[in-house]
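Report on the structure given below.
Every chain is numbered from 1 and lettered A, B, ... according to where its sequence line falls, protein lines coming before strand lines.
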Amino acid sequence: MSRYEPSVIEPKWRAVWDEAGVFEAKANPSRPKYYVLEMFPYPSGRIHMGHVRNYTMGDVVARTKAAQGHAVLHPMGWDAFGMPAENAAMERGGHPKDWTYSNIADMRDQMKPLGLSIDWSREFATCDPEYSGQQQAMFIDMMAAGLVYRKAAVVNWDPVDMTVLANEQVIDGRGWRSNALVERRELTQWFFKISDYSAELLSALDGLTHWPEKVRLMQANWIGQSRGLQFAFGTVGAPEGFDRLEVYTTRPDTLMGASFAAISPDHPLAKHLERHDPAVAAFVAECRQVGTSAEALETAEKKGMDTGITVRHPFDDTWELPVYIANFILMDYGTGAIFGCPAHDDRDFEFATKYGLPINAVFTSDGTDAALTEAYVPMKSERVQYIRGFAGDAEQTGEAAVAAAIAFCEERGIGRGVTNYRLRDWGVSRQRYWGCPIPVVHCAACGVVAEKKDNLPIRLPDDVTFDVPGNPLDRHPTWRMTSCPQCGGDARRETDTMDTFVDSSWYYARFTAPRAETPTDAAEVDYWMTVDQYIGGVEHAILHLLYSRFFARAMHKTGHLPAKAIEPFNALFTQGMVTHEIYQTRDAAGRPVYHLPEDVTTFTLADRRVTVLGNVPPPDPDMVPDIDAWLQGLDDEGGLVEVIPSAKMSKSKKNVVDPMNIIAAFGADTARWFVMSDSPPERDVEWTASGAEATFKHLSRVWALSVRIAEMPESHQGTDDDALARAAARAVAEVTHGIDSFAFNKAIAKLYEFTNTLSRANGSTPVMRATMRTLAQLMQPMTPHLAEEVWQAQGGTGLVTQAAWPIPDPALLVDDTVTLPIQINGKRRAEISVPRDMPAAEVEKLALANEDVVRFLAGQPIKKLIVVPGRIINVVA
RNA sequence: GCGGACAUGGCGGAACCGGUAGACGCAACGGACUUAAAAUCCGUUUCCCGUAAGGGAGUGAGGGUUCGAGUCCCUCUGUCCGCACCA
């Protein structure tokens with residue numbers, strides 16, 4: 001065979017790998033283990049370029065670690081529960097289960113041609129009863145451990161999906177999936193006590209040194225720790241049982257500037273007043289109507305209602321402050337009540353201005369007390385002059401003043417220092433069918449009772465319909481009917497299912513023993529966990545990664561994970577997207593019209609890149625004397641296409657490239673190489689047709705080079721054997737370093753260089769073949785099929801996939817002579833070649849004798865001479 | 001508003017601890033082969049002046065530290081991302 005034909009060689013080698021079972025993960029105590037995991041896909045039915053990039057990245061790591069002697073676990077599964085399956089059932093009929101499993105089969109078929117080193121024997125889907133049953137068992141254990149509870153709560157209700165959303169799933173006041181404006185409803189829900197771990201999840205971030213700083217920061221902000229003072233006001237004129245009002249503040253140093261107190265419309269006191277006062281009821285109802293979207297919040301006016309109740313200032317019994325119900329106070333942060341200091345808080349200032357409340361500065365920048373036109377909110381570390389301070393120095397930072405104020409109040413029994421978190425408990429109830437049933441039963445006699453583990457898995461009923469909105473489980477005639485696991489009497493099943501983020505919070509642990517009869521197998525999790533390298537999109541920086549960190553801790557508490565696995569992902573890498581240009585024209589009304597890449601032509605005209613509709617040949621420059629006019633004419637006719645670069649692939653914009661088409665045209669190795677080259681993996685990479693072709697051409701050149709070397713006469717003696725040995729050693733060192741440091745683009749650049757060197761070299765036949773084998777080994781993680789082919793052609797033993805990773809001879813990595821640039825006054829003027837270990841004194845002599853140096857110095861005296869051995873010489877004149 | 005990241009040729013990007021800026025790839029241009037084109041191969045390609053030898057400028061802008069700054073420090077501008085009535 002003389003041509004590079006991926007469609008022939010790729011299936012061949014995949015069959016060989018399968019036959020030999022080379023990717024089966026086997027625990028081996030004599031080797032270090034390595035667990036590589038890419039975030040598992042949702043089975044939408046089609047793989048996209050983002051998947052190709054994600055899984056290729058993981059595969060490069062997995063293949064390299066395997067070659068370096070690790071026992072590697074590299075599994076794949078499916079995040080298979082969720083709304084789209086139900087939506088499909090609603091839109092097209094059919095059953096979510098059939099839709100999901102047929103999508104899984106399709107996607108598996110699309111993934112296999114990529115030649116990923118995945119242990120498919122461990123595959124599972126989260127909707128498999130064998131998986132969800134184990135999840136239910138853990139839910140029961142977590143209930144017993146006090147990590148799960150039920151409470152009535154104001155929740156985010158998605159009116160389109162007809163379900164509850166977690167706070168993390170509300171983006172700008174809209175459902176993360178439906179994009180519908182979220183409403184506030186009070187429902188009884190199941191919660192995980194993630195807030196028990198707020199401090200721990202925050203402090204442990206420091207130990208995640210192999211996570212991107214950005215992700216750790218996002219999680220820290222999300223957990224939202226703050227230190228402040230919690231204290232109680234004594235009330236005057238409040239109803240019985242409300243003689244004290246607890247408030248929380250992060251700025252106790254501003255207590256002397258207090259001018260009012262305010263409570264949330266959801267505060268118990270507000271609720272009490274609501275029942276007895278129609279005016280309050282009307283106001284509170286109005287507050288609840290306001291949406292939670294960012295726009296609504298930004299434009300919403302600060303509104304309050306004076307309750308007529310007052311509170312006594314903690315430092316002065318005679319100083320009374322009015323108590324308002326205010327629409328901007330959140331019930332679920334702090335105590336749901338605040339004191340207002342208009343001088344040093346923007347919201348309080350707006351509120352005080354509106355209701356004519358006093359504005360008294362506690363501190364100013366210069367110590368003079370002038371009327372404020374806006375709230376003065378300095379940075380915490382900024383030094384200010386306290387004019388109504390009560391603790392510590394007159395001049396200090398806000399930070400120090402807060403600490404002093406907390407200490408001052410604690411000494412006098414006014415309150416206590418409290419650490420507060422923004423993170424709230426994780427509501428997991430979903431009023432949906434296609435999710436993991438919550439294994440709980442409602443019994444008239446016993447109340448809410450966990451199922452017996454013997455009854456697991458609780459399976460979803462198959463006979464359900466999706467013709468009306470709402471939860472089909474609620475409508476099912478018999479599914480809910482069951483008996484109480486405690487008293488045996490008639491009982492009703494819980495019809496809520498779990499948030500699908502629960503499914504993805506422990507799948508990594510299940511992969512270590514996917515067929516175990518218990519959620520995890522102690523020996524297997526102990527051997528394989530933690531995940532050494534996790535790879536996925538940055539969009540999961542908060543939700544999935546925070547839930548998983550919590551869940552691992554909860555699994556440890558319930559005995560399903562060892563202590564060493566409470567941080568499930570040792571290293572995290574967040575990869576960028578695969579983007580593509582959008583080709584757009586406008587219709588008569590000026591609305592954008594999108595075009596498929598194959599429907600446009602791009603050429604260069606007078607140094608300009610021009611894209612036009614249709615399969616147009618580039619115009620002859622001689623025939624188009626006035627290019628501007630020609631382009632204008634084209635534009636008027638609507639033939640000129642506007643190009644939007646680096647856009648996220650989306651069907652509606654018609655800029656999606658289907659990996660299957662690329663594999664059919666160029667092979668999987670080309671797709672794999674392309675997505676790993678050019679851009680650093682954490683950044684977006686733009687898919688271009690020319691880039692894909694160029695990649696294919698390069699791989700074809702490697703193929704042709706291999707054929708040429710294989711056909712060299714055995715006896716050929718070359719002159720470049722030493723140089724080749726050095727080039728190979730350097731390539732091994734640099735490619736290895738590139739892969740180990742996740743700089744795949746640099747590794748690939750080195751492979752280009754190495755290939756160019758080899759193709760131009762005249763080495764003896766055995767050396768050429770050995771060097772080509774090294775190239776095959778270094779390419780194997782990226783282009784495994786081609787690498788096998790080359791390896792075989794050059795007489796490699798066994799499979800290159802199983803060959804030990806090369807180790808360079810250190811002696812070959814250092815050159816005997818070095819080229820030193822010579823700078824004169826910081827400008828490069830000459831260079832000299834010297835033996836690597838020449839003493840600095842001799843290097844100086846040589847440098848000063850250099851004719852270019854003499855010419856540039858023109859007799860000037862030398863003030864200073866710097867020689868950095870092996871690096872540079874700088875002459876200061 | 002708060003928090004963070006980034007800024008290098010026509011483009012994607014290299015440049016390790018401060019030591020030859022622009023590796024590698026794309027695009028473009030020139031040449032060889034060809035009746036021609038494609039493919040392939042060889043070469044040029046940061047910008048400016050110069051036929052050339054050579055010289056000058058140059059990593060978003062301004063300043064600083066240093067023998068030497070893309071890299072460190074300060075100020076500014078722009079772009080992107082996350083959070084957002086969190087008391």
Side-chain angles (χ1 to χ4, degrees), chain A residues 171-173 212-215 217-222 224-226 228-229 247-252 254 262 264 290 292 294 296-298 300 302 326-330 332-341 344-348 350-351 377 379 420-424 538-539 541-542 602 604 607-609 645-646 674 677-680 682-686 688 690-695 697-698 700-701 704 734 737 741 743 745-756 819-831 863-868 870-877:
Chain A
I171 291 137
D172 280 346
E213 186 61 38
K214 176 189 164 104
V215 173
L217 209 96
M218 279 164 70
Q219 291 216 353
N221 288 340
W222 188 265
Q225 188 182 61
S226 71
L229 177 76
V247 299
Y248 172 74
T249 177
T250 56
R251 291 311 295 262
T254 65
S264 161
V290 176
T292 48
L297 290 173
E298 213 141 89
K302 305 270 174 286
N327 64 352
F328 64 95
I329 313 295
L330 304 172
D332 44 13
Y333 187 80
T335 62
I338 61 149
F339 81 83
C341 174
H344 305 299
D345 182 283
D346 292 319
R347 289 156 307 171
D348 294 350
E350 187 187 334
F351 192 82
V377 189
M379 299 222 284
N420 239 311
Y421 298 91
R422 221 181 64 112
L423 184 67
R424 276 162 262 159
V538 73
E539 67 273 18
I542 298 173
T602 296
T604 302
D607 290 337
R608 260 179 293 183
R609 213 193 123 184
S646 308
F674 183 99
S677 61
D678 276 352
S679 286
E682 68 275 15
R683 254 185 259 180
D684 291 352
V685 64
E686 183 156 59
T688 61
S690 62
E693 270 167 46
T695 301
K697 283 178 194 172
H698 173 71
S700 301
R701 275 193 293 272
E734 286 173 343
H737 180 251
S741 58
N745 56 322
K746 285 189 248 172
I748 284 182
K750 296 299 169 196
L751 285 171
Y752 273 110
E753 268 184 297
F754 185 34
T755 307
N756 291 340
T819 305
L820 294 180
I822 303 173
Q823 294 184 332
I824 293 169
N825 293 330
K827 281 197 189 296
R828 184 180 169 279
R829 295 297 186 187
E831 61 179 39
K863 293 202 188 104
K864 202 168 174 185
L865 187 63
I866 291 127
V867 178
V868 184
R871 275 283 180 198
I872 203 166
I873 301 155
N874 195 6
V875 185
V876 186

Scan A:Arg828, A:Lys827, A:Gln823, A:Lys864 and name whichever one has a side-chain contact (heavy atoms from CB on, under 4.5 Å) with A:Asn874. A:Gln823
Over all strands shown, is A:Lys863 touching base, sugar-phosphate only, or nothing at heavy-atom distances under 4.0 angstrom? nothing
Should B:rG50 be called syn or anti, with syn set as within 90° of 0? anti
Look at all strands and tell whether A:Asp345 reaches a base, only sugar-phosphate, or nothing, counting heavy atoms closer than 4.0 Å. nothing
Taking atom P in both B:rG10 and B:rC6, compute the distance separating them and give it to the nearest angstrom. 23 Å
Run the ring-ring contact (aromatic ring centres under 6.0 Å, His included) test against A:Phe339 and tell me which residues pass, sequence neighbours left out. none
State the pairing partner of B:rA15; accept Watson-Crick or G-U wobble contacts with both distances under 3.5 Å, and report none otherwise. none
With both distances under 3.5 Å as the test, what is the Watson-Crick or G-U wobble partner of B:rC41? B:rG31
Quantified in whole Å, what is the P atom distance between nucleotide B:rA7 and nucleotide B:rA87? 33 Å
Classify A:Val876 by what it touches in the nucleic acid, base, sugar-phosphate, or nothing, heavy-atom distance under 4.0 Å. sugar-phosphate
Side-chain N or O of A:Arg683 versus OP1/OP2 of B:rG13: is the shortest distance under 4.0 Å? yes
NZ/NE/NH1/NH2 to OD/OE distance under 4.0 Å, A:Arg347 and A:Glu350: no
Identify whether any heavy atom of A:Pro680 sits under 4.0 Å from a base atom; if not, whether one sits that close to sugar-phosphate; answer base, sugar-phosphate or nothing. sugar-phosphate
What integer number of Å spans the P atoms of B:rA69 and B:rG62? 15 Å
Is A:Leu751 touching bases, backbone alone, or none of the nucleic acid, heavy atoms closer than 4.0 Å? nothing
Taking B:rA84 as the reference, what is the distance to B:rC48 when you measure between their C1' atoms (whole Å, please)? 50 Å
Tell me whether B:rC80 sits syn or anti, counting syn as a glycosidic angle within 90° of 0. anti
With the side chain of A:Leu330 defined as its heavy atoms from C-beta on, choose the nearest nucleotide among B:rC86, B:rC24, B:rA15. B:rC86
C1' atoms of B:rA14 and B:rG9, separation to the nearest Å: 13 Å
P atoms of B:rA38 and B:rG50, separation to the nearest Å: 34 Å
Please work out if A:Asn745 contacts a base, only the sugar-phosphate, or nothing of the nucleic acid, heavy-atom cut-off 4.0 Å. sugar-phosphate
Out of B:rG56, B:rA87, B:rC24, minimum distance to the side chain of A:Tyr752 belongs to B:rC24
How is A:Glu753 classified with respect to the nucleic acid when contacts are heavy atoms under 4.0 Å: base, sugar-phosphate, or nothing? sugar-phosphate
Test for a donor-acceptor pair under 3.5 Å between the base of B:rC24 and the side chain of A:Lys750, counting only N and O atoms. no
State which of B:rA23, B:rG12, B:rG19 makes the closest approach to the side chain of A:Ala749. B:rA23
Evaluate the ring planes of A:Tyr248 and A:Tyr333, with Trp represented by its six-membered ring, and classify them as parallel (under 30°), tilted (30 to 60°) or perpendicular (over 60°). perpendicular
Rounded to whole angstrom, note down the P distance from B:rG70 over to B:rG19. 10 Å
Contact class for A:Arg347 (heavy atom, under 4.0 Å): base, sugar-phosphate, or nothing? base
Give me the distance, rounded to whole Å, that separates B:rG25 from B:rA15 when you measure between the P atoms they each carry. 16 Å
If pairing means Watson-Crick or G-U wobble with both distances under 3.5 Å, then the partner of B:rC6 is B:rG78
Is A:Asp346 touching bases, backbone alone, or none of the nucleic acid, heavy atoms closer than 4.0 Å? nothing
Listed nucleotide nearest any side-chain atom of A:Arg828, set B:rA14, B:rU20, B:rC86: B:rU20
Students often get this wrong, so: under 4.0 angstrom with heavy atoms, is A:Leu217 touching a base, only sugar-phosphate, or nothing? sugar-phosphate
A:Glu213 atom CD is separated from B:rC6 atom P, nearest whole Å, by 11 Å
Under 4.0 Å between any heavy atoms, over every strand shown, what does A:Ser677 touch: base, sugar-phosphate, or nothing? Just pick one. nothing
So A:Lys827, base contact, sugar-phosphate only, or nothing? Heavy-atom distance under 4.0 Å. sugar-phosphate
